[in-house]
Amino acid sequence: MRNLLLPLFAVTLFVTCRAVKIQDCGSKAGSFSKVEVTNCNMDAPPCILKRNSNVTISIEFTPDIECNDVTAVVHGDLLGVQVPFPISNPNACQSPGVDCPIQPQTTYSYTATLPVLKSYPKVKVNVKWELQNAKKDDIVCVIIPAKIE
């Protein structure tokens, strides 16, 4: 009986320890401390993005530099191909938690909504969300493993 419980425990531990791993994809002028996605169970990857709905993302970040303009750029990585995802307002300075010019070593909470269009295919996708300065350098860049359903 004990020999049967050990493999079951190991499988249970493996399943319960899996979590959505948000990756840094090249933050050059800042860092992020928290990323949240609506209706995403961060304990069970990937984030499920329902077609014909909206998803809200929040990124808590701290820049290393002062910056007058911050722009959000969003792509889906489909088998190595970067597909742009449209967002209604790419001007991150208009997010309620971001007051521009942003200041170094100050924490901001950027929030935006991404439409998940009905026309999107049902696929696994890595969502790449960048907050860029006027020179198109990434202040913060995160990759969120997701699945469009």
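Note that the coordinates shown come from a computational prediction; the quantities given were computed from them, not determined experimentally.
When hydrophobic clusters are built by joining Ile, Leu, Val, Met, Phe, Trp and Tyr residues whose side-chain heavy atoms come closer than 4.5 Å, directly or via intermediates, V73 is not grouped with L49. In this structure, V116 is a member of the same hydrophobic cluster as I144, with clusters built from ILVMFWY side-chain heavy atoms closer than 4.5 Å. V142 and F85 fall within the same hydrophobic cluster, defined by Ile, Leu, Val, Met, Phe, Trp and Tyr side-chain heavy atoms under 4.5 Å apart, directly or through other members. Residue V35 is grouped with residue V140 when hydrophobic side chains (ILVMFWY) are merged at heavy-atom distances under 4.5 angstrom, including chains of intermediate members. Side-chain heavy atoms closer than 4.5 Å link hydrophobic residues (I, L, V, M, F, W, Y) into clusters, and following such links, possibly through other members, connects V81 to L117.
Separating the NZ atom in K136 from the CD atom in E130 is a distance of 10.5 Å, to the nearest 0.5 Å. Once rounded to the nearest 0.5 Å, the distance linking CD1 of I143 with CG of D77 reads 7.0 Å. Of the inter-residue distances, the one linking K118 atom NZ with S53 atom OG reads 12.5 Å to the nearest 0.5 angstrom. Separation of atoms CG (L78) and CD1 (I148) is listed at 7.0 Å; rounding is to 0.5 Å. Here the CD atom belonging to E66 is positioned 12.0 Å from the CG atom belonging to N133, to the nearest 0.5 angstrom. In this structure, S33 OG and I59 CD1 are separated by 10.5 Å, a value rounded to the nearest 0.5 Å.
Shortest non-hydrogen contact noted between S27 and C141 is OG-N, 2.9 Å. Considering every non-hydrogen atom in both P90 and I87, the closest pair reads CA-CD1, 3.7 Å. The heavy-atom pair separating L114 from P86 by the smallest distance is CD1-O, 3.5 Å. The shortest non-hydrogen separation linking Y120 to P115 is CE1-O, 3.8 Å. Here the closest heavy-atom approach between residue S109 and residue S95 is recorded as O-OG, 3.9 Å. Smallest separation of non-hydrogen atoms from V37 and I57: CG2-CG1, 4.3 Å.
Listed by chain and residue number, S58 satisfy the side chain to side chain donor-acceptor pair (under 3.5 Å) test with T111 (two or more places apart in sequence, or in another chain). Looking at residues two or more places apart in sequence or on another chain, you find a side chain to side chain contact (heavy atoms under 4.5 Å, CB included) between E149 and I48, K50, K147. The salt bridge (charged side-chain N to carboxylate O under 4.0 Å, His left out) search around K124 returns none, not counting sequence neighbours. With sequence neighbours excluded, the residues forming a side chain to side chain contact (heavy atoms under 4.5 Å, CB included) with N91 are N89, C93, Q94, listed by chain and number. Residues passing the side chain to side chain donor-acceptor pair (under 3.5 Å) test with D99: none are found, sequence neighbours excluded. Considering only residues two or more places apart in sequence or on other chains, K28 meets the salt bridge (charged side-chain N to carboxylate O under 4.0 Å, His left out) condition with none of them.
A donor-acceptor contact closer than 3.5 angstrom links the side chains of T62 and T107. Of the N and O atoms on the side chains of T71 and Q132, not one donor lies less than 3.5 Å from an acceptor on the other residue.
Within the 4.5 Å cutoff, side-chain heavy atoms of P145 are placed close to those of N126. Under the 4.5 Å side-chain criterion, counting only non-hydrogen atoms from C-beta, L131 is not in contact with F32. Between V55 and N39, the closest side-chain pair of non-hydrogen atoms is not below 4.5 Å.
Just one residue in the list Y110, W129, Y108 forms a ring pair (Phe, Tyr, Trp, His ring centres under 6.0 Å) with F61, and that residue is Y108.
Distance alone, capped at 3.5 Å, places no donor-acceptor pair between the T56 side chain and the T38 backbone.
Cysteines C67 and C100: SG-SG separation is not under 2.5 Å.
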